Novice: 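First the structure, which I've put down as structure tokens, then a few questions once you've had a look.
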Amino acid sequence: MIKPIIYQLLPRLWSNTNETNKPAGTIEENGSGKMNDITPRALEAIRELGVTHVWYTGVIEHAHCPDYSAYGIERDNRRIVKGEAGSPYAISDYYDIDPDIAVDVDHRIEEFEALVGRTHMAGMKVIIDFVPNHVARRYHSDKAPEGVSDLGQDDNRDMFFSPTNNFYYITRQQFSPVEVDLGSGDEAYIEFPAKASGNDCFTASPGKYDWYETVKLNYGIDPANGSRHFDPIPPTWHKMLGILLYWASKGIDAFRCDMAHMVPVEFWQWAIANVKGRYPGVQFIAELYDVGIYRDYIYRGGFDYLYDKVNLYDTLRAVECHNHSAAALTNCWQTVDGLDRHMLNFLENHDEQRFGSPQYAGDPGRVLPSLVVSSMIGKGPMMIYMGQEIGERATDAEGYSGLDGRTTIFDYWSLDTLRRWNNGGKWDDAKLTPEERALRSVYSRVLSLCNSEAAIREGRFFDLMYVNYDNPGVNPHRQYVFLRCQPGESLLIIAVNFSDRPTEMAINIPSHAFETLELPEGDFEMTELLSGHKAMKTLDRNRQFATPVDAHGAVIWKLELPATKVAEKKSE
């Protein structure tokens, strides 16, 4: 079993080499990356980081400002499109590929199929988004299989709620979002009756910070009283299952399910079982922001992995940015104890601020402690975001997206870090700075260890903080220490330092760890896996384990364990 290492990229941004970068610029001015630009060499460069899965974000057709009506694609009204490029999460045709990222628009689906094939040939799996909670306000599929009706096509628009409707209608009211100019005359956007907006905004007048560009889908829950109408199975369920099966048939390996907690768990239980019944290898990742329902969405809903944003991510960010104690990390694994294989960890994605941005750490070189903890505390997936590995800081104000520490998903743009890494399609380090090269090497080393070391990939976890809180050799406010062990194979002693100062750590390892993990005692030659340095180290329940750790640094000391006891147990 592998530990998934996921690389998230938006093709529109990732391979765009246009340097114009005019704020709020059009696609003609600023350009757009294409699927065909994600070449075998580009994929090899991603694979070199230790990546096992590529998440192609924004590949499904979504609302945008360019006119593709010549290709049979209905034009979106720019009044209800956020930015020139639009949100990848305002889906306008679930069965189509976004034309912005195609070289030959007429053959955009074939170009996507070729990209899937290239990714598989490169030894990686393919993830795409499934956006089940909402669609663009203008939704129409010109690529749906024969016999599949559009969402809302058969709705009774005189009813706020009906179990057989795909949408919720604010009856007898026209859509009129607050502080949003819907235009006038022939250019006006008119929607009557108004439909509820995607962020559970059941009014005809959402605010400008609501998801007013999207429409909420109806899974059979009446928001007026919370009643659930799942028998017979609502039409929306069948339509969404059809979409999942369509993309699974094209070789997709996993779906990242947007805002999964806004869709009833009963739907996931039914849909995931149906998909896996036909495509057993397909996996499901939930974007989820409520620790209280983690177990329900795994054990009942059937998800393979969940975002651990509100638990580990938020804690790591608080340690890095707000002087919270590193000891709080113990509570993170305790919160998800027994679920660690299902937890997807990350430091960046399209929703969050860049680690190196002024709004976060301010320096991408400070990442090692957070990166080691996030990727090695559990057996579940680790995800990084395009350019994170070379220190992208998101210091551009791109247009619709301002100077907010995030890389825009709404604008046509290109990233200087990625353009230089691209280097005319070579995807090498020739144009990277020494700091960027060093950082990419750090990411490659850490992420590759996640699968090359069985102790991380599938071994046991042992938190050492409880025996080091009162130990002068460890500062629990700025340092965190734990073990990963694959009995009969290897022991890893992992220590991280969030402090601005280097430290000499002296770590207590309790008797319980020696007994539980069947560890030997004595003096051993050990290898520090990040540097490759070898040294004689003492492993003893009555003596402290000593190691230096750099400022904003980490060490991973490895001891090869004798296989005798494991072999004896297997032969019994």
Side-chain angles (χ1 to χ4, degrees), residues 4 53 55-57 59-60 89 91 93-96 125-135 139 141 143-145 147-155 161-168 198 200 214-223 227-290 293-307 342 344 381:
H53 294 64
W55 169 16
Y56 294 113
T57 305
V59 297
I60 305 300
Y89 297 96
I91 300 296
D93 186 349
Y94 279 115
Y95 288 97
D96 206 354
K125 295 186 176 182
V126 173
I127 304 171
I128 66 169
D129 282 291
F130 175 56
V131 187
N133 177 66
H134 50 269
V135 296
Y139 182 89
S141 179
K143 292 292 185 180
V148 175
S149 60
D150 264 352
L151 289 162
Q153 181 176 317
D154 304 316
D155 282 4
F161 167 77
S162 166
T164 61
N165 279 357
N166 298 138
F167 300 130
Y168 298 98
D200 289 354
T214 68
V215 176
K216 172 79 175 179
L217 282 167
N218 169 13
Y219 281 82
I221 297 178
D222 185 348
S227 60
R228 303 162 93 81
H229 304 261
F230 301 154
D231 186 14
I233 292 170
T236 301
W237 290 31
H238 287 289
K239 289 184 177 181
M240 302 313 279
L241 175 61
I243 292 158
L244 288 166
L245 293 172
Y246 173 82
W247 291 109
S249 73
K250 293 189 177 297
I252 300 305
D253 301 290
F255 293 97
R256 179 267 187 190
C257 301
D258 186 71
M259 302 304 288
H261 61 290
M262 296 183 77
V263 172
V265 69
E266 292 89 346
F267 165 76
W268 295 116
Q269 182 180 28
W270 175 83
I272 291 175
N274 270 281
V275 173
K276 291 195 174 200
R278 293 180 59 176
Y279 300 96
V282 171
Q283 295 184 311
F284 286 80
I285 302 167
E287 180 190 18
L288 203 63
Y289 298 124
D290 182 351
I293 60 174
Y294 277 12
R295 283 170 171 78
D296 202 26
Y297 273 66
I298 291 168
Y299 296 126
R300 187 178 171 201
F303 277 98
D304 299 283
Y305 306 116
L306 311 178
Y307 272 32
H342 300 282
L344 185 153

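Numbers for residues simply follow the sequence, beginning at 1. Since the structure is predicted, the reported quantities are computational estimates derived from the model, not experimental observations.
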Novice: Check for a donor-acceptor pair, side chain of H229 on one end and backbone N or O of P234 on the other, with a separation under 3.5 Å.
Specialist: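 Not confirmed, H229 side chain does not pair with P234 backbone.
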Novice: Any non-hydrogen side-chain atom of R256 less than 4.5 Å from a side-chain atom of D258?
Specialist: yes
Novice: Considering only heavy atoms from C-beta outward, does the side chain of D200 approach that of K216 to under 4.5 Å?
Specialist: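 Side-chain contact under 4.5 Å: yes.
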Novice: Is there a side-chain contact between L288 and I293 in this structure, where contact means two heavy atoms from C-beta onward sitting under 4.5 Å apart?
Specialist: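 L288 reaches I293 side chain to side chain.
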Novice: Give a yes or no answer on whether the side chain of D155 reaches the backbone of N166 with a donor-acceptor pair at less than 3.5 Å.
Specialist: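 Answer holds: yes.
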Novice: Can you see which heavy atom on W268 is nearest to which on A260, and at what distance?
Specialist: NE1-O, 3.1 Å
Novice: Is the distance between the ring centroids of H238 and W270 under 6.0 Å?
Specialist: yes
Novice: Measure the spacing between CD of Q269 and CG of D296 and express it to the nearest 0.5 Å.
Specialist: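 Output value for this atom pair is 8.5 Å.
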Novice: Considering only distance and modelled atom types, tabulate donor-acceptor pairs under 3.5 Å from the side chains of residues 241-252, sequence neighbours left out.
Specialist:
| unit_1 | atom_1 | unit_2 | atom_2 | d |
| --- | --- | --- | --- | --- |
| W247 | NE1 | Y94 | O | 2.8 |
| S249 | OG | Y246 | O | 2.5 |
| K250 | NZ | E113 | OE2 | 2.7 |

Novice: Using modelled atom types only, decide if a donor and an acceptor are shared between the side chain of N133 and the backbone of G198 within a distance under 3.5 Å.
Specialist: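 Side chain of N133 to backbone of G198: a pair is present.
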Novice: Could you tell me whether a side-chain N or O of D253 sits under 3.5 Å from a main-chain N or O of G281, the two making a donor and an acceptor?
Specialist: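 Such a contact is absent between D253 side chain and G281 backbone.
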Novice: Is the distance between the ring centroids of F303 and H342 under 6.0 Å?
Specialist: no
Novice: Going by the rule ring-ring contact (aromatic ring centres under 6.0 Å, His included), which residues pair with F167 if we only count those two or more places apart in sequence or in a different chain?
Specialist: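 With sequence neighbours excluded, F167 shows a ring-ring contact (aromatic ring centres under 6.0 Å, His included) to no residue whatsoever.
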Novice: Counting N and O atoms only, with roles assigned by atom type, does the side chain of Y305 sit under 3.5 Å from a partner on the main chain of Q283, one being a donor and the other an acceptor?
Specialist: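 No, because the side chain of Y305 does not come within donor-acceptor range (under 3.5 Å) of the backbone of Q283.
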